[in-house]
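A short worksheet on the structure shown next.
Just the heavy atoms: all of them, side chains too, but no hydrogens, waters or symmetry mates, feed the values below.
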Amino acid sequence: MICVEGVSHSIGKTKILHDISVEVPKGKVTALVGPNGAGKSTLLSLIGRLMPLQNGRITVDGADTVQTPTRDLARLMAVLSQTNTLGSRLRVQELVAFGRWPHHQGRPTAEDARLVAEALEALDLTALGDRFLEALSGGQRQRAFIAMALAQGADWLLLDEPLAALDMAFARRIMAQLVALRAAGRSVVVVVHDINHAAVWADHIIAMKAGRIAAEGPPEAVCTSKVLGDIYDMDLRVTEIDGKPLVLHHL
């Protein structure tokens with residue numbers, strides 16, 4: 001379980017998060033949703049220690065994210081941020097192999113090679129393994145970074161808008177892959193903008209607004225016209241298809 005206790009965050013004089021306390025369940029796919037500027041990416045970055053914690057406490061399976069050594073934390077969490085800036089002269093296979101570094105520390109084994117190959121296959125990148133990142137489309141590059149996080153083999157996978165730049169088919173494939181990780185005993189936290197991706201694929205939804213937790217729970221509890229209408233300040237209609245909520249907005 002990820003426990004966030006009393007976490008606030010400011011950039012200059014601007015308050016981004018206001019005294020956040022929330023628990024993220026283990027063994028589930030948890031979606032962070034909310035309008036732009038709600039604080040979703042900031043919260044995910046603080047959990048993943050991509051940003052310094054200003055106050056409060058965050059633990060991941062009991063490990064304090066401030067005090068735990070980086071190598072140990074990297075074995076526990078794989079984090080993919082929105083901005084990924086590695087050298088363009090890097091090949092896809094080399095990028096994905098970086099995910100294994102916390103485990104082999106520069107001495108890769110056959111097991112590391114196997115896991116890299118599996119991650120490439122899972123993201124349909126095997127044929128592109130020798131291509132340079134600069135030669136890829138935006139969607140292909142995004143899949144390569146997701147594959148790197150997948151290859152890391154951590155218990156927790158934290159992804160910030162992994163569906164950006166992906167077409168409909170690959171967005172569905174990525175979400176299905178995340179659900180498969182849950183079945184394998186891993187835990188996923190994913191920031192998504194499309195509420196319907198959260199409604200269909202997530203086990204648990206944490207909805208944010210203006211730097212606070214606005215609602216949380218299973219999709220059927222969060223994805224209601226009243227709850228989402230208040231969060232997004234929109235007149236929304238929620239129906240159901242195959243037992244899953246479907247969120248529509250009025251024209």
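- Between T30 and I206, some side-chain heavy-atom pair lies under the 4.5 Å cut-off.
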Take V190 and L32 through the test side chain to side chain contact (heavy atoms under 4.5 Å, CB included) and record every step on the way to the result. CA-CA 6 Å; V190 56; L32 291 177; over 6 Å; no

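- Atom-to-atom distance recorded for T59:OG1 and E5:CD is 6.0 Å, nearest 0.5 angstrom.
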Stepwise side chain to side chain contact (heavy atoms under 4.5 Å, CB included) check, D64 with I58: CA-CA 6 Å; D64 189 299; I58 299 175; over 6 Å; no

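- Taking NE2 from H9 and OG1 from T14, the interatomic distance works out to 10.5 Å, rounded to the nearest 0.5 Å.
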List the steps, then state whether side chain to side chain contact (heavy atoms under 4.5 Å, CB included) holds for T42 with M51. CA-CA 8 Å; T42 299; M51 300 169 63; 4.3 Å; yes

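- One distance of note links CG of L150 with CG of L181; it measures 5.5 Å at 0.5 Å rounding.
- Atom CG of N55 sits about 8.0 Å away from atom CG of D19, to the nearest 0.5 Å.
- A donor-acceptor pair is defined here as one N or O able to donate and one able to accept, closer than 3.5 Å; no such pair exists between the side chain of R100 and the backbone of L115.
- Not one N or O on the side chain of D230 forms a donor-acceptor pair closer than 3.5 Å with the backbone of V227.
- Only one option out of L73, V79, V60, V188 pairs with W156 in a side-chain contact (heavy atoms from CB on, under 4.5 Å); it is V60.
- Surrounding CD of E220 are more than 12 heavy atoms belonging to other residues, nucleotides or ligands, all under 6.0 Å away.
- Residues L159 and V191 are not in side-chain contact: their nearest non-hydrogen atoms beyond the backbone lie 4.5 Å or more apart.
- V33 is not connected to L246 by any chain of hydrophobic side-chain contacts under 4.5 Å among Ile, Leu, Val, Met, Phe, Trp and Tyr, and they are in different clusters.
- Salt-bridge annotation for K209 and D233: present, with a side-chain N of the basic residue lying under 4.0 Å from a carboxylate O of the acidic one.
- A donor-acceptor contact shorter than 3.5 Å is absent between the side chain of R91 and the backbone of G129.
- Under the 4.5 Å side-chain heavy-atom criterion for grouping Ile, Leu, Val, Met, Phe, Trp and Tyr, V179 is connected to M175 within one hydrophobic cluster.
- Contact check for L80 versus I146: side-chain heavy atoms found under the 4.5 Å cut-off.
- Inter-residue side-chain proximity for D194 and L163 is flagged as unmet; no heavy-atom pair is nearer than 4.5 Å.
- Between the CD atom of Q82 and the CG atom of L44 there is a distance of 9.5 Å, given to the nearest 0.5 Å.
- In this model, no donor atom of one side chain and acceptor atom of the other lie less than 3.5 Å apart for S8 and Q54.
- Residues passing the ring-ring contact (aromatic ring centres under 6.0 Å, His included) test with H193, sequence neighbours excluded: none.
- Using modelled atom types, no side-chain atom of R237 and backbone atom of S225 make a donor-acceptor pair closer than 3.5 Å.
- In this structure, S41 and E161 approach most closely via the heavy-atom pair OG-OE2, 4.5 Å.
- The closest side-chain donor-acceptor pair between R49 and T70 falls under 3.5 angstrom.
- Under the 4.5 Å side-chain criterion, counting only non-hydrogen atoms from C-beta, F145 is in contact with R141.
- At least one donor-acceptor pair under 3.5 Å links the side chain of Q142 to the backbone N or O of P162.
- Atom CD of Q93 has 12 or fewer neighbouring heavy atoms from other residues, nucleotides or ligands inside a 6.0 Å radius.
- By the 6.0 Å contact criterion, CZ on R75 is enclosed, its count of non-hydrogen atoms from other residues, nucleotides or ligands being greater than 12.
- Here the side chain of Q152 pairs a donor or acceptor atom with the backbone of M77 at under 3.5 angstrom.
- Using a 4.5 Å heavy-atom threshold, the side chains of I20 and M208 count as touching.
- The backbone N or O of F132 lies less than 3.5 Å from no partner atom in the side chain of R89, so there is not a single donor-acceptor pair.
- L248 and Y232 fall into different hydrophobic clusters, where Ile, Leu, Val, Met, Phe, Trp and Tyr residues are linked whenever their side-chain heavy atoms come under 4.5 Å apart, directly or through other members.
- Counting non-hydrogen atoms of neighbouring residues, nucleotides and ligands closer than 6.0 angstrom, the CZ atom of R71 exceeds 12 such neighbours.
- For the pair S10 (side chain) and G12 (backbone), a donor-acceptor distance under 3.5 Å is absent.
- Residue pairs meeting the ring pair (Phe, Tyr, Trp, His ring centres under 6.0 Å) criterion with at least one partner in residues 99-128, sequence neighbours excluded, are W101-H104.
- Hydrophobic cluster membership differs between M1 and V22, with clusters built from Ile, Leu, Val, Met, Phe, Trp and Tyr side chains linked at under 4.5 angstrom.
- Under 4.0 Å is where a charged nitrogen must lie from a carboxylate oxygen, and between E118 and R114 at least one such pair does.
- The distance from the CG atom of L90 to the CZ atom of R131 is 14.0 Å, given to the nearest 0.5 Å.
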What verdict does the side chain to side chain contact (heavy atoms under 4.5 Å, CB included) test give for D203 and R182, after you've listed the backbone C-alpha separation in whole Å, the side-chain angles of each residue and the deciding distance to 0.1 Å? CA-CA 10 Å; D203 305 298; R182 176 199 64 192; 2.5 Å; yes

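- Judged by distance alone, the side chain of K40 and the main-chain N or O of P35 form a donor-acceptor pair under 3.5 Å.
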